[in-house]
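Please read the structure below before turning to the comments.
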Amino acid sequence: MVHLWVRSESRANEDRVGLTPDGAAQLLANGFQITVEQSAQRIIPIAQYAEVGCAIAPEFSWMNAPADALIFGLKELPEDGTPLRHRHIMFGHAYKGQPDGRILLDRFQAGGGTLYDLEYLTLADGRRVAAFGYWAGYAGAAVSLMCWAAQQKGELAGAVHSYPDAAALRGDLKTRLGATRPNALIIGALGRVGTGGADLCEAMGVQVTKWDMAETVSGGLFPEVLDHDIFLNCILARPGTPVFVPADAKTADRKLTVIGDIACDPDSDFSPIKVYDRTTTWDAPALRVHDEPVLDVTAIDNLPSMLPAESSADFADQLLPHLMTLGALDQDVWGRARDCFEKAVG
């Protein structure tokens, strides 16, 4: 019997969850054992999981879970250096040269556990089976517009928060923007992230230039980026990714005042945005990297949690068919994810 243990998220402003009560009920009906930790911030009340038959455990008790339990979460674990003995399903952010990633992999090696990284659950053709990309793009575009609206008042964007739904987010944006609209360039416009960003921009009346692989195949330079008010990067950093914003863009003659690095991988060796070196936060969503002319970067790495209800439901629906196959961890998407982990730990 597969024992799936849904842990509470320890990160502030992380209200999402990768398994809904409906999905849990389907797994239970197929012979799974499901434990769900209590959570002070999860968007779905714990009572809904109990109602469908899940076992309920105290918050952050996964470290004491049975050795055969698969620990399922989304974002990072507490950075306490504890060796990791379980098999974990989560976004590890550990395979692209990130400094914290190496620390995480060392913890798995020390404890004998395994990481099944959600980013690396792929079909045989390399396509990811589940992603929050659409809602990352949607929320990332919204925060970028908030940054631009604040600039029009001579300000730096203030703290952001979650919304009950996308309509509430759009209503807030409409108030902030008033009658004026910027224009925007999206690179990666045909993917899930770019589609979400474009949908939000178009819903707000923002003129969008949509680029994808055909427009960037030359490898650069891309002066058109500087000719837009807002640039949204929706391309995951990987070997061969061209540079879209070089370091000298800060002082260049440009219209560009806001960069929304929705892919958000500034400490990757392959980052295409060379004017900043760290993520931004919910409390401080905009990083001012140049004053005259002004240039702000926003790069929040858990953007979909601004819309936790919609993003959780969407992601959970995508992932559920593959959770159903957890009994065969050495095969298909799970086998490929394990191969990625073993290659990373070397």
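Numbers here simply count residues along the sequence, with the first being 1.
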Can a cation-pi geometry be assigned to Arg336 and Tyr120, taking NZ or CZ under 6.0 Å from the six-membered ring centre and within 45° of the ring axis?
no
Would a distance-only check, ignoring hydrogens and angles, find a side-chain to backbone donor-acceptor pair under 3.5 Å from Arg181 to Gly178?
yes
Less than 3.5 Å apart, any donor N or O on the side chain of Asn30 or Gln26 sitting next to an acceptor on the other?
no
If two hydrophobic side chains count as joined below 4.5 Å and joins carry through other members, does Met90 share a cluster with Phe132?
no
Hey, can you tell me if Phe244 and Phe231 have their rings parallel, tilted or perpendicular (30° and 60° cut-offs)?
perpendicular
Is it the case that one hydrophobic cluster holds both Met324 and Ile89, taking links as side-chain heavy atoms less than 4.5 Å apart, direct or via other members?
yes
Hey, is Arg288 close enough to Asp296 for a salt bridge, meaning N to O under 4.0 Å?
yes
According to a 4.5 Å side-chain heavy-atom criterion applied to Ile, Leu, Val, Met, Phe, Trp and Tyr, with indirect links allowed, do Leu200 and Val258 form part of one hydrophobic cluster?
yes
Name the one of Thr209, Thr257, Asn183 that satisfies side chain to side chain donor-acceptor pair (under 3.5 Å) with His228?
Thr209
Spacing of CZ belonging to Arg16 relative to OG belonging to Ser162, to within rounding of 0.5 Å:
11.5 Å
Between Arg254 and Asp227, does a salt bridge (Lys or Arg N to Asp or Glu O under 4.0 Å) hold up when you go through it step by step?
CA-CA 6 Å; Arg254 55 178 164 79; Asp227 293 334; over 6 Å; no
Note: Arg11-Glu76 ion pair, threshold 4.0 Å (strictly below)
yes
Determine whether more than 12 heavy atoms belonging to other residues, nucleotides or ligands lie under 6.0 Å from atom CD of Glu342.
yes
If you count every heavy atom of other residues, nucleotides or ligands that lies below 6.0 Å from Lys174 atom NZ, does the total exceed 12?
no
Between the side chain of Thr298 and the main-chain N/O of Ala286, is any donor-acceptor distance below 3.5 Å?
no
With no hydrogens and no angle check, is any side-chain donor or acceptor of Ser311 less than 3.5 Å from a backbone partner on Pro304?
yes
With salt bridge (Lys or Arg N to Asp or Glu O under 4.0 Å) as the test, would you mind laying out the steps for Asp269 and Arg238 before giving the verdict?
CA-CA 8 Å; Asp269 298 337; Arg238 63 187 65 185; over 6 Å; no
Between Glu119 and Lys96 (salt bridge meaning N to carboxylate O under 4.0 Å), is one present in this structure?
yes
Determine whether Tyr49 and Val6 satisfy the following criterion, side-chain contact (heavy atoms from CB on, under 4.5 Å), listing intermediate values before the conclusion.
CA-CA 11 Å; Tyr49 292 96; Val6 181; 5.9 Å; no
State whether a side-chain donor-acceptor pair under 3.5 Å links Tyr163 with Asp172.
yes
Met213, CE: over 12 other non-hydrogen atoms inside 6.0 angstrom
no
So, do Leu123 and Val129 sit near enough that their side-chain heavy atoms are less than 4.5 Å apart?
yes
Is the shortest distance from a Lys or Arg side-chain nitrogen in Lys210 or Glu202 to a carboxylate oxygen in the other one below 4.0 Å?
yes
Kindly compute the distance separating CZ (Phe341) from CG (Leu105), expressed to the nearest 0.5 Å.
6.5 Å
Option among Trp62, Phe72, Trp5 that satisfies the ring pair (Phe, Tyr, Trp, His ring centres under 6.0 Å) test with His88
Trp62
Does a donor on one side chain sit under 3.5 Å from an acceptor on the other, for Asp80 and Thr82?
yes
hydrophobic_cluster_shared for Leu303 and Leu118, side chain cutoff 4.5 Å:
no
Val36/Ile46 under side-chain contact (heavy atoms from CB on, under 4.5 Å): CA gap, chis, key distance, verdict:
CA-CA 8 Å; Val36 181; Ile46 194 67; 3.6 Å; yes
Would you please test Arg128 and Leu121 for side-chain contact (heavy atoms from CB on, under 4.5 Å) and show each step?
CA-CA 6 Å; Arg128 289 175 63 182; Leu121 293 185; over 6 Å; no
Specify whether Phe222 and Trp211 have parallel, tilted or perpendicular ring planes, treating 30° as the upper limit for parallel and 60° as the lower limit for perpendicular.
perpendicular
Report yes if some heavy atom in the side chain of Glu14 is under 4.5 Å from a heavy atom in the side chain of Gln41; otherwise report no.
yes
Do Ile71 and Phe60 sit in the same hydrophobic cluster, where Ile, Leu, Val, Met, Phe, Trp and Tyr count as joined when their side-chain heavy atoms come under 4.5 Å apart?
no
CD of Glu79: more than 12 outside heavy atoms within 6.0 angstrom?
no
Chi angles and distances behind the side-chain contact (heavy atoms from CB on, under 4.5 Å) call for Leu104, Asp106
CA-CA 5 Å; Leu104 178 66; Asp106 289 344; over 6 Å; no
Is there a donor in the side chain of Thr251 and an acceptor in the side chain of His290, or the other way round, less than 3.5 Å apart?
no
Asp229/Lys255 ion pair, N-O < 4.0 Å:
yes
Is the shortest side-chain heavy-atom distance between Lys75 and His93 below 4.5 Å?
yes
If we ignore hydrogens and angles and just use 3.5 Å, is the side chain of Arg338 paired with the main-chain N or O of Thr114 as donor and acceptor?
no
